[in-house]
Amino acid sequence: ADLKAMFSMFKKSPEMISSKDALKGREEAMSPGNNKHFVLGNTLRPPFPDGIQVAVFGTGCFWGTEKGYWRLPGVYSTAVGYAAGFTPNPTYEEVCSGRTGHNECVHVAYDPSIVSFGDL
């Protein structure tokens, strides 16, 4: 195989899309059918019980990251979504297109008396 051709994808640095070039999106936010986490059984959205704190982690691909949080003692609930982009309420396909400016994130509700922010 031609190594030069194989590594040509690394020549140009990725660029962030501008707000004017981003996809339009939609006004209505996607909503899960209910407010109960399928795996953990707790609520997905506030209000959470007293003492529960929230952190959002942008990790590139949320599926594996979210599953890892399920295994940590002290994690009350998780939800996946998108942050930091221009397109309002984007779909998964739109984010994967690179034309929204968003990254994939995991919203983690946790009990800091059991798991620290640093351990998340």
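Worth saying up front: this structure is predicted, and the values here are computed from it rather than measured.
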Subject >> Interatomic distance, Phe38 atom CZ to Trp70 atom CH2 [nearest 0.5 angstrom] >> reply: 9.0 Å
Original post:
Taking all non-hydrogen atoms of both residues, which atom of Pro73 and which atom of Val115 are closest, and how far apart?
Top reply: O-CB, 3.3 Å
Subject >> Shared hydrophobic cluster, Ile114 / Leu72 (ILVMFWY, side-chain heavy atoms < 4.5 Å) >> reply: no
Original post:
Is there a donor-acceptor pair closer than 3.5 Å between any side-chain N or O of Ser77 and the backbone N or O of Thr43?
Top reply: yes
Validation: residues 44-61 side-chain donor-acceptor distances under 3.5 Å, sequence neighbours left out:
unit_1: Gln53; atom_1: OE1; unit_2: Tyr110; atom_2: OH; d: 3.4
unit_1: Thr59; atom_1: OG1; unit_2: Thr65; atom_2: OG1; d: 2.9

**OP:** Indicate if Val108 and Phe62 have the same hydrophobic cluster label, given that clusters are the connected sets of ILVMFWY residues with side-chain heavy-atom separations under 4.5 angstrom.
**Re:** yes
Original post:
What residues, two or more places apart in sequence or in another chain, satisfy side chain to side chain donor-acceptor pair (under 3.5 Å) together with Ser18?
Top reply: Asp21
Subject >> side chain to side chain donor-acceptor pair (under 3.5 Å) partners of Asn89, counting only residues at least two apart >> reply: none
**OP:** Could you note down all residue pairs passing side-chain hydrogen bond (donor to acceptor under 3.5 Å, both in side chains) where residues 100-109 supplies at least one of them, sequence neighbours left out?
**Re:** none
Original post:
What are the two closest heavy atoms between Val106 and Glu66, and how far apart are they?
Top reply: CG2-N, 3.9 Å
**OP:** Please name all residues satisfying side chain to side chain donor-acceptor pair (under 3.5 Å) with Asp111, sequence neighbours left out, ordered by chain then number.
**Re:** Ser113
Original post:
Closest approach of Phe86 and Ser19, non-hydrogen atoms and distance?
Top reply: CD2-CB, 3.5 Å
Original post:
Would you say Leu40 and Val80 are hydrophobically clustered, going by side-chain heavy atoms of ILVMFWY under 4.5 Å?
Top reply: yes
Subject >> Any side-chain heavy-atom pair of Leu120 and Val75 under 4.5 Å >> reply: yes
Original post:
Excluding sequence neighbours, so at least two apart, what forms salt bridge (charged side-chain N to carboxylate O under 4.0 Å, His left out) with Glu94?
Top reply: Arg26
Original post:
Is there a path of hydrophobic side-chain contacts, each under 4.5 Å between heavy atoms of I, L, V, M, F, W or Y residues, that connects Tyr76 with Val39?
Top reply: no
**OP:** Search all heavy atoms of Tyr82 against all heavy atoms of Thr91 and return the closest pair with its distance.
**Re:** OH-C, 4.1 Å
